[in-house]
2 protein chains.
Amino acid sequence: MSQHSDPVTMPYRQRATLRDVAAMAGVSIKTVSRVVNGENGVAPAKVAAVTRAIRQLDYRPNVSASALRRANRRTAVIGMVLEDLANPFSSALLRAVEDAANERQLLIVAGSVDEDQERERTLVRAFSERRVDGLIIAPVGEDQGYLRAEVEAGTSLVFVDRLPQGIRADCVLSDNEGGARTAVHHLADSGHRHIAYLGDLRIIPTAQQRFAGYQHACLERSLPWTPANHVHDLHTVDDATAATERLLRSGDPPTALFASQNLVTIGAIAALQRLGLEDTVALVGFDDFPMADLLKPRVSVIAQDPSRIGRVAAEQLFQRLDGDDSAPRRTVLATTTIPRGSGEIPPARR
Amino acid sequence: MSQHSDPVTMPYRQRATLRDVAAMAGVSIKTVSRVVNGENGVAPAKVAAVTRAIRQLDYRPNVSASALRRANRRTAVIGMVLEDLANPFSSALLRAVEDAANERQLLIVAGSVDEDQERERTLVRAFSERRVDGLIIAPVGEDQGYLRAEVEAGTSLVFVDRLPQGIRADCVLSDNEGGARTAVHHLADSGHRHIAYLGDLRIIPTAQQRFAGYQHACLERSLPWTPANHVHDLHTVDDATAATERLLRSGDPPTALFASQNLVTIGAIAALQRLGLEDTVALVGFDDFPMADLLKPRVSVIAQDPSRIGRVAAEQLFQRLDGDDSAPRRTVLATTTIPRGSGEIPPARR
DNA sequence: CTGAAAGCGCTTACAG
DNA sequence: CTGAAAGCGCTTACAG
């Protein structure tokens, strides 16, 4: 293949530059720049000539080039590091931030970390090498101290969903402990005393907080503390289904389940259905999900509001971008209890 | 507030540049550049000195600056224009493209269009002004001709989910017509002759194709053509619920429903449950969804594979980035019929 | 109201 | 093996 016909080595067909526009309009590039940036103090006739040249040449300013030279260096891009762009919680966060970012003409680069610390760092570095103005991060891993370098370089930083470690920065998250407490209280109010805890990976701070809430509620209501009823490290639907089946088939099964996360709730439901116990064993899940209202029984949940978390985080980030350098703020959003049926099933005779 | 303490006007604390690294290592910036880019032909001692300086200064190359000067102008960023980053179909596409992009160290900027043509153009322009290397677009609106300028400027372009209009380019999508045909055949095979069509906005090409599939299947099986049973322009769950209720309460209700999209299926289920008809009226939905397997009855669907669409689109894009300039290719992926119960309910006596 | 010169952080195209 | 000069597309800091 000749050098000429190979699109890889062939130079791209030129896009019009300030120079080209200037030449066509018969002015200097500085004048074109003024028009492009809407600065005033340009003679109307020149504005007209430039505008026409821009249209004729289909000129697109190169935002990266201008950011490189501009005093504030802003790229108008923010980076989001999320657990998994395909999961509803992450994507609701992303979408909420997108909507907020739109008003400011900010673009979003985003990536998934899948609970992998290494990946978190890789993504942040990639974003940093593109000089994003700000970062919104759902942290994984035990130490976010490496992000101090970014902050010192002028990158704004807001965490979501989970508290960061090793760095003080803004964070917006749900009241995980309070929500879990409420769930257990809710079940206890229906008379349950044997309430199982079905939890996500213990290394996840959110999971820890939810377990703490469970624990406190058990103490508060003097429920028996039965470690056999505490299952941790469930990270997939299938994990949760298997664990729930095992639990319910054991010699001393719980009369109610608290599922500390979306996928775990779904897995628990699958297990209950398989054993025909969905109308016998009570269930409250942490996190709402689309079909909760159409299942039988309808599923009671402790709902977070990921859209709100995203919106609040975005607003927080924008304040920082606007120069707010007050002390880091932690915003804890209350959860909402939504009783739909499954959480109000009374204890079965044993 | 003094000029100095105002973070907006205050210059950002300097990040280390090639110059700084060169000064510390006692070499020219060209030598640092060689080390950073892994070019060989640098004396080992200098490589060591440079490497040490890079570490000490926590140097991060400015990828945008290098792209500006580099011959191929590649930014290593691709843009995705999707319907709604928060909906499962879009987010599955995004995630699949992300996974493919990771292998090539490409970053993704993404945005939602919400069925708004204006927004599609705005997003594309914003991406273009950042000089993305490629675009993956789920097109809305009637004309994608404006994208020719991007292609001529060297931007690779692949459409997903919907065929573009006004431009010839690669496209990866499901066999919408075939899938819809199969759905109706499936219901007809159980003896249904009065099958309602519940469809999304008619302006959406995908919806048109699904209606065409429905139509062909009706002809093929000589089913009565009853316009009263064709409901279009359902775009939300609530729309679909209301329309389905109306239909089932009419004088001559259908014995089976074909819901041409996710949210419509969910709305139809809500209506069936409300009327107590979920075990009486058959239902097949286009698009699978997470809980389909846990509802009662379990929901039969025609499944697309958004992950596969995303992966194939990404691979197609990468081939173009690698210089493939063969004729535009259209990839149509087959759908899968998943019978779970709701689609196998026989016609009720009328 | 306008523009020529310098420079953002980097790579290219050379020369040695 | 190494580096000085020019330049990517733009804005800054001036001068007129």
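Because the structure is a prediction, the values reported are computed rather than measured. Each chain gets a letter, A, B and so on, in the order its sequence line appears, and its residues count up from 1.
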Contact class for B:Arg34 (heavy atom, under 4.0 Å): base, sugar-phosphate, or nothing? base
Residue closer to the 5' end of DNA chain D, B:Val42 versus B:Arg131 (nearest nucleotide): B:Val42
Stepwise salt bridge (charged side-chain N to carboxylate O under 4.0 Å, His left out) check, B:Arg329 with B:Asp324: CA-CA 11 Å; B:Arg329 218 164 306 159; B:Asp324 175 1; 2.9 Å; yes
Strand partner of D:dA4, provided both Watson-Crick or wobble distances fall under 3.5 Å: none
B:Ala65 has a side chain; which of C:dG9, D:dC10, C:dT2 sits nearest to it? C:dG9
Out of D:dT11, D:dC1, C:dC10, minimum distance to the side chain of A:Ser33 belongs to D:dT11
When you measure from the side-chain N and O atoms of A:Asn62 to the phosphate of D:dC8, is any distance below 4.0 Å, counting only OP1 and OP2? no
Check the distance between C:dA4's P and A:Leu18's CG and give it to me in whole angstrom. 14 Å
Rounded to the nearest Å, what distance is computed from the CZ atom of residue A:Arg70 to the C1' atom of nucleotide C:dC8? 11 Å
Side-chain contact check for A:Ile29: nearest option of C:dT2, C:dC10, D:dC10 is D:dC10
Assuming nearest nucleotide by heavy-atom distance, tell me which of B:Val27 and A:Arg60 is located more 5' along DNA chain D. B:Val27
So, are B:Arg15 and A:Glu150 salt-bridged, with charged N and O less than 4.0 Å apart? yes
Kindly indicate whether a cation-pi arrangement holds for B:Arg121 with B:Tyr146, taking the cut-offs as under 6.0 Å to the six-membered ring centre and within 45° of the axis. yes
Whole-Å gap separating C1' (D:dG9) and CZ (B:Arg130): 15 Å
Salt-bridge present (A:Arg95, B:Asp84; N to O < 4.0 Å): yes
Side chains of A:Asn102 and B:Arg119 only: does a donor on one sit below 3.5 Å from an acceptor on the other? yes
Tell me which nucleotide among C:dC10, C:dG3, D:dT2 gets nearest to the side chain of A:Lys46. C:dG3
If only side-chain N and O atoms of B:Thr31 are considered, is one of them under 4.0 Å from the OP1 or OP2 phosphate oxygen of D:dG3? yes
Atom pair distance, as rounded to whole Å: CG in B:Asn37 and C1' in C:dT12: 12 Å
Look at the side chain of A:Arg73 and decide which nucleotide, out of D:dC10, D:dT2, C:dG9, has an atom nearest to it. C:dG9
Would you kindly give the CG-to-P distance between B:Leu68 and C:dC8, to the nearest whole Å? 14 Å
CG of B:Asn40 versus P of D:dT2: gap in Å, rounded? 12 Å
Between P of C:dC10 and CZ of B:Arg69, the distance in whole Å: 14 Å
OP1 or OP2 of D:dT2 sitting under 4.0 Å from any side-chain N/O of B:Ser28? no
Within-4.5 Å side-chain heavy-atom neighbours: A:Leu157 and A:Ile167: yes
Atom-pair distance (CG on A:Asn72; C1' on D:dA13), nearest Å: 16 Å
Are any of A:Lys30's side-chain N or O atoms less than 4.0 Å away from OP1 or OP2 of D:dT11? no
Can you find a donor-acceptor N/O pair under 3.5 angstrom joining the side chain of B:Arg15 to the base of C:dG9? no
Look at the side chain of A:Thr17 and decide which nucleotide, out of C:dC10, D:dG3, D:dC10, has an atom nearest to it. D:dC10
